[in-house]
Amino acid sequence: MTPENAPTVSPTQLAREDELVDRVVASFDTADDPRLRDVLQSLTRHLHAFIRDVRLTEDEWNTGIEFLTATGHITDDRRQEFILLSDVLGASMQTVTVNNEARGEATEATVFGPFFVEDSPEVPIGGDIAGGASGQPCWVEGTVRSADGEPLAGARLEVWEADDNGLYDVQYEEERTSARAHLFSDDDGRYAFWALTPTPYPIPHDGPVGSLLAAVGRSPMRASHLHFMVTAPGMRRLVTHIFVRGDELLDSDSVFGVKDSLVMDFVEQPTETPTPDGRDLNGSTWARVGFDIVLAHAD
């Protein structure tokens with residue numbers, strides 16, 4: 001609401017509203033956990049400030065409640081609509097930004113997304129994470145090192161992505177595990193694996209979040225990317241993606257996850273180009289990308 005069309009609120013009404021905010025904030029004074037108290041009191045102030053700023057109507061508030069109720073109803077063990085909501089509002093990316101302060105050359109973090117799955121299969125260095133998922137083969141290689149330049153042996157890399165239909169394995173009706181795995185860096189911090197060349201895809205938009213995006217004319221499409229989660233003893237956990245340079249969606253990613261430092265060259269190789277590990281691709285094209293990962297110290 002702009003100052004020009006904001007309704008005039010009388011001093012008496014403002015005092016009434018101020019008094020309510022003070023009472024609600026004070027109701028959390030007795031919390032034993034000081035952090036819980038601070039978070040809830042700040043949330044209360046900001047929520048009430050929003051309601052007062054836009055002069056929210058009761059019908060609008062009820063619509064919001066109905067929206068959140070629908071978001072809860074569609075959420076299950078395979079779909080997390082609240083994460084999608086957080087993502088499209090930029091709240092996920094802002095939380096990542098706040099909690100991953102820039103430290104030297106450390107690789108930048110980005111959103112986690114709703115499709116990570118625990119206990120992915122392990123593959124050796126040079127292994128294939130595709131697991132039968134469709135798409136162009138892509139050789140991914142790089143190193144993992146600390147911010148002071150030391151190679152990190154035994155770093156665990158969790159990697160996952162959508163297939164060229166724009167779907168993750170958990171989005172299929174049948175039980176399947178594909179286009180996800182984990183591996184460990186070697187003694188020199190090197191890693192390599194076969195994946196799929198990332199392609200753009202829409203976030204699930206057949207639910208409340210999709211309705212929200214449609215109502216404001218926003219696209220549900222995500223820029224092409226490959227997910228990484230990298231951990232090593234004494235290092236800060238890194239959750240990130242790499243994105244495909246030249247993708248037309250880089251500037252309009254629906255969850256605001258793109259960072260310039262994470263845009264990489266996925267170079268398509270002619271069919272006659274030998275693969276790094278001698279793999280026979282039966283005459284199909286393939287791509288390759290290099291991604292060197294730098295982890296910040298946990299302290």
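Throughout, numbering of the chain's residues begins at 1 and tracks the sequence.
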From CZ (Arg156) to OG1 (Thr231), nearest 0.5 Å
6.5 Å
How about His73: does its NE2 atom have over 12 heavy atoms from other parts shown lying under 6.0 Å from it?
no
State, to 0.1 Å, how close Val263 and Arg245 come at their nearest heavy-atom pair, and which atoms those are.
O-NH2, 3.0 Å
Judged by atom type as modelled, is there a donor-acceptor pair below 3.5 Å linking the side chain of Gln13 to the main-chain atoms of Ser10?
no
Is the backbone N or O of Ile74 less than 3.5 Å from a side-chain atom of Arg79, with the two atoms forming a donor-acceptor pair by type?
no
Main-chain N/O of Leu167 paired with Asn165 side-chain donor or acceptor, under 3.5 Å:
no
Which residue pairs pass the ring-ring contact (aromatic ring centres under 6.0 Å, His included) test with at least one member in residues 24-66, sequence neighbours excluded?
none
Do other residues, nucleotides or ligands put more than 12 heavy atoms under 6.0 Å from the CG atom of Asp148?
yes
Is Thr240 close to Lys259 at the side-chain level, that is, under 4.5 Å between some pair of heavy atoms?
no
Rounded to the nearest 0.5 Å, how far apart are OG1 of Thr107 and CG of Leu262?
7.5 Å
If you compare all heavy atoms of Pro204 against all heavy atoms of Gln171, which two are closest, and at what distance to 0.1 Å?
CG-NE2, 3.9 Å
Taking side-chain contact (heavy atoms from CB on, under 4.5 Å) as the criterion, tell me which of Gln136, Glu161, Arg222 meets it with Pro198.
Glu161
Would you say Arg190 and Ile125 make side-chain contact, with heavy atoms under 4.5 Å?
no
Count the heavy atoms of every other residue, nucleotide or ligand shown that sit under 6.0 Å from CZ of Arg218, and state whether that count exceeds 12.
yes
Just jot down the ring pair (Phe, Tyr, Trp, His ring centres under 6.0 Å) partners of His182, sequence neighbours excluded, or say none.
Phe184
Give, for atom CG of Leu152 and atom CD1 of Ile293, the distance between the pair rounded to the nearest 0.5 Å.
10.0 Å
In terms of relative ring orientation, are His241 and His225 parallel, tilted or perpendicular, with 30° and 60° separating the classes?
parallel
Counting distance only, does the side-chain N/O of Asn99 pair as donor-acceptor with the main-chain N or O of Thr95 below 3.5 Å?
yes
Please say whether more than 12 non-hydrogen atoms of neighbouring residues, nucleotides or ligands are located less than 6.0 Å from CD in Glu272.
yes
How many angstroms lie between CD in Glu60 and CG in Asn62, if you round to the nearest 0.5 Å?
10.5 Å
Any side-chain heavy atom of Asp277 within less than 4.5 Å of one from Trp194?
yes
Let's go through Phe228 and Leu157 carefully: what are the C-alpha distance in whole Å and the side-chain angles of both, what is the deciding distance for side chain to side chain contact (heavy atoms under 4.5 Å, CB included) to 0.1 Å, and is it a yes or a no?
CA-CA 7 Å; Phe228 283 78; Leu157 297 93; 4.2 Å; yes
Output, in order, the C-alpha distance, side-chain angles, deciding distance and verdict of side chain to side chain contact (heavy atoms under 4.5 Å, CB included) for Ile203 and Asp87.
CA-CA 10 Å; Ile203 62 171; Asp87 288 350; over 6 Å; no
Donor-acceptor contact below 3.5 Å, side chain Ser86 vs main chain Phe82
no
Asp247 side chain to Ala223 backbone, donor-acceptor under 3.5 Å
no
Any donor-acceptor N/O pair, Asp292 side chain to Thr143 backbone, under 3.5 Å:
yes
Would you kindly confirm whether Val96 and Val255 end up in one hydrophobic cluster when ILVMFWY residues are joined by side chain heavy atoms under 4.5 Å apart?
yes
According to the salt bridge (charged side-chain N to carboxylate O under 4.0 Å, His left out) rule, which pairs have a member within residues 171-181, sequence neighbours left out?
Arg78-Glu175, Asp169-Arg180, Glu174-Arg176
CZ of Phe266 to CZ of Phe243, rounded to nearest 0.5 Å, is 10.0 Å
If two hydrophobic side chains count as joined below 4.5 Å and joins carry through other members, does Val159 share a cluster with Tyr191?
yes
Taking atom CG as the centre, does Asp119 end up with more than 12 heavy-atom neighbours from other residues, nucleotides or ligands that are less than 6.0 angstrom away?
no
Please tell me whether Val289 and Val123 are part of a single hydrophobic cluster in this structure, the criterion being side-chain heavy atoms less than 4.5 Å apart.
yes
Shortest non-hydrogen contact from Ser120 to Ala181?
OG-C, 3.3 Å
Do Asp163 and Ser178 come within less than 4.5 Å of each other through their side chains, counting heavy atoms only?
no
Locate the shortest heavy-atom distance separating Val24 from Ser27; write the atom from each residue and the value.
O-OG, 2.6 Å
Heavy atoms from other residues, nucleotides or ligands near CZ of Arg237 exceed 12 (cutoff 6.0 Å):
no
Using only atom types and a distance under 3.5 Å, with no angle test, would you say the side chain of Ser185 pairs donor to acceptor with the backbone of Gly154?
yes
Within the supplied structure, the quantity of interest is the number of heavy atoms (other residues, nucleotides, ligands) at a distance under 6.0 Å from Glu268 CD; does it exceed 12?
yes
Just by distance, do the side chain of Asp265 and the backbone of Val267 share a donor-acceptor pair under 3.5 Å?
no
Membership question, hydrophobic clusters at under 4.5 Å side-chain separation (ILVMFWY): are Met264 and Val244 in the same one?
yes
With a 4.5 Å limit on heavy-atom distance, are the side chains of Met235 and Ser146 in contact?
yes
Going through the checks in order, is the side chain to side chain contact (heavy atoms under 4.5 Å, CB included) test met by Thr110 and Phe256?
CA-CA 9 Å; Thr110 188; Phe256 309 99; over 6 Å; no
Check whether Thr75 reaches the backbone of Glu81 with its side chain - one donor and one acceptor, N or O, closer than 3.5 Å.
yes
Check Trp286 against Pro274 and note the closest heavy-atom contact, atom names and distance.
CZ2-O, 3.4 Å
CG-CD1 distance between Leu196 and Ile129, expressed to the nearest 0.5 angstrom
6.5 Å
Taking atom CG of Asp76 as the centre, does the number of heavy atoms from other residues, nucleotides or ligands within less than 6.0 Å exceed 12?
yes
Under 3.5 Å, is there a donor-acceptor pair linking the side chains of Glu158 and Trp160?
no
Determine whether Val21 and Arg52 make a side-chain contact, defined as any pair of heavy atoms from C-beta on separated by less than 4.5 Å.
yes
Using every non-hydrogen atom in the two residues, find where Gly113 and Ile83 come nearest and quote the distance to one decimal.
C-CG2, 4.2 Å
If Ile, Leu, Val, Met, Phe, Trp and Tyr residues are connected whenever their side-chain heavy atoms lie under 4.5 Å apart, and connections chain through other members, are Leu68 and Leu89 in the same group?
yes
So do Arg145 and Glu105 actually touch side chain to side chain, heavy atoms under 4.5 Å?
yes
Parallel, tilted or perpendicular: rings of Tyr168 and Phe115 (30°, 60°)
parallel
Let me see the working for Val144 and Leu295 under side chain to side chain contact (heavy atoms under 4.5 Å, CB included), right down to the final yes or no.
CA-CA 7 Å; Val144 185; Leu295 300 184; 4.1 Å; yes
For the residue pair Arg55 and Val9, establish whether any side-chain heavy-atom pair is separated by less than 4.5 Å.
yes
